[in-house]
Enquirer: 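Sharing a structure here in structure tokens format.
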Amino acid sequence: MKYFILFGPPGAGKGTQATAMVENYHLCHLSTGELLRSEIAAGTQLGLQAKALIEAGSLVPDEVVEGMIESKFKTVKGVEGFLLDGFPRTIAQAQALDEMLGRSGEEVTSVVSIMIPDEMIMERIRHRATIEGRADDAKEEVVANRIRTYHDKTEPLVDFYRKAGKYNEIDGVGTIEEVRERIFTLMNKF
Ligand code: AMP
């Protein structure tokens with residue numbers, strides 16, 4: 001099985017590119033943000049716990065997302081691998097992922113990191129807010145907190161995966177098709 005991690009700041013275009021990636025490489029798309037939003041929509045206990053944190057632009061506890069990912073690894077069949085989108089987001093989550101995969105003799109295949117300059121992040125999220133209607137895109141202070149959380153807690157993963165020799169960066173500036181081509185060129189190597 002292949003385990004790709006789709007990495008990048010909020011608004012980098014991860015969700016947009018994920019659709020083409022899963023189709024082309026027969027992967028299961030696992031977006032922890034989307035999984036959490038469906039828990040909220042379904043009104044589950046987990047959704048209730050996560051709602052306030054998401055709406056504040058903070059991270060939900062590591063154990064919550066780790067549990068969601070592990071249960072998908074166990075139950076999803078008939079794919080050639082997984083595309084992890086929005087997970088891991090902390091060093092602790094990355095270590096938990098290594099352990100999870102290690103137990104079945106598997107490992108992360110590659111990190112596909114879509115990078116855009118800081119000044120484009122706000123602009124992209126403002127644009128997405130008019131299309132998708134996500135509550136956590138609507139308020140500037142919430143978006144600012146997500147960007148801060150990304151820099152503080154998630155960006156250290158760049159070094160973590162660089163040291164593991166698994167980090168690959170893609171320039172996320174350009175049309176959707178241009179960025180997709182760059183991603184496919186990289187993924188074809190695995
Ligand atoms: P996303 O759709 O990836 O932008 O995620 C939306 C929100 O869900 C984030 O701002 C977090 O509050 C929460 N979330 C998603 N993935 C994770 C994760 N791996 N760890 C903690 N919180 C997460």
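All of these numbers come straight from a predicted model, not from anything done at the bench. Start at 1 and go down the list; that is how both ligands and their atoms are numbered.
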Enquirer: If we set the cut-off at 4.0 Å for heavy atoms, which region of Asp136 has an atom near ligand 1: side chain, backbone, both, or neither?
Expert: side chain

Enquirer: Has Glu132 got a side-chain atom pairing as donor or acceptor with Arg128's backbone, closer than 3.5 angstrom?
Expert: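 Looks like no, no N/O pair under 3.5 Å.
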
Enquirer: Name the closest protein heavy atom to atom 22 (N) of ligand 1, giving the residue it belongs to and the distance to 0.1 Å.
Expert: Val60 N, 3.1 Å

Enquirer: Counting the benzene-type ring for Trp, do Phe82 and Phe4 have ring centres under 6.0 Å apart?
Expert: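 Here the rings of Phe4 and Phe82 have centres that are no less than 6.0 Å from each other.
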
Enquirer: Which of the numbered atoms in ligand 1 are below 4.0 angstrom from a heavy atom of Arg37?
Expert: 2 (O), 6 (C)

Enquirer: Considering only heavy atoms of Gln93, which atoms of ligand 1 have at least one such atom less than 4.0 Å away?
Expert: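 By the 4.0 Å cutoff, the relevant atoms are 18 (C), 19 (N), 20 (N), 21 (C).
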
Enquirer: Under 3.5 Å between any N/O of Thr32 and any N/O of ligand 1: does that happen in this structure?
Expert: yes

Enquirer: Using heavy atoms and a 4.0 Å limit, tell me yes or no: is Ser58 in contact with ligand 1?
Expert: yes

Enquirer: Does even one non-hydrogen atom of Arg134 get within less than 4.0 Å of ligand 1?
Expert: yes

Enquirer: Measuring from atom 5 (O) of ligand 1, which candidate in Arg146, Met68, Arg89, Glu34 has the nearest non-hydrogen atom?
Expert: Arg89

Enquirer: Do Val143 and Glu140 have side-chain heavy atoms sitting under 4.5 Å apart?
Expert: no

Enquirer: For ligand 1, indicate whether the residue Lys14 contacts it via side chain, backbone, both or neither (heavy-atom separation under 4.0 Å).
Expert: neither

Enquirer: Taking side chain as C-beta onward, heavy atoms only, is Glu169 less than 4.5 Å from Ser113?
Expert: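 Heavy-atom side-chain distance check passes, below 4.5 Å.
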
Enquirer: With a 3.5 Å distance limit and no angle check, can you tell me whether Lys14 reaches the backbone of Gly8 through a side-chain donor-acceptor pair?
Expert: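 Yes; at least one donor-acceptor contact below 3.5 Å.
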
Enquirer: Which bit of Leu36 is near ligand 1, meaning a heavy atom under 4.0 Å away: side chain, backbone, both or neither?
Expert: side chain

Enquirer: Tell me if a side-chain donor or acceptor on Thr109 pairs with a main-chain N or O of Tyr3 at a distance below 3.5 Å.
Expert: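 Side chain of Thr109 to backbone of Tyr3: a pair is present.
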
Enquirer: Purely on distance, is any nitrogen or oxygen of Ile54 under 3.5 Å from one on ligand 1?
Expert: no

Enquirer: Tyr167 vs Phe7 aromatic rings, parallel, tilted or perpendicular, using cut-offs 30° and 60°?
Expert: perpendicular

Enquirer: Flag Gly57 as yes when one of its N or O atoms lies below 3.5 Å from any N or O atom of ligand 1, and as no otherwise.
Expert: no

Enquirer: Answer yes or no: does atom NE2 of His127 have more than 12 heavy-atom neighbours from other residues, nucleotides or ligands under 6.0 Å?
Expert: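 No, because the 6.0 Å sphere around NE2 of His127 holds 12 heavy atoms or fewer from other groups.
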
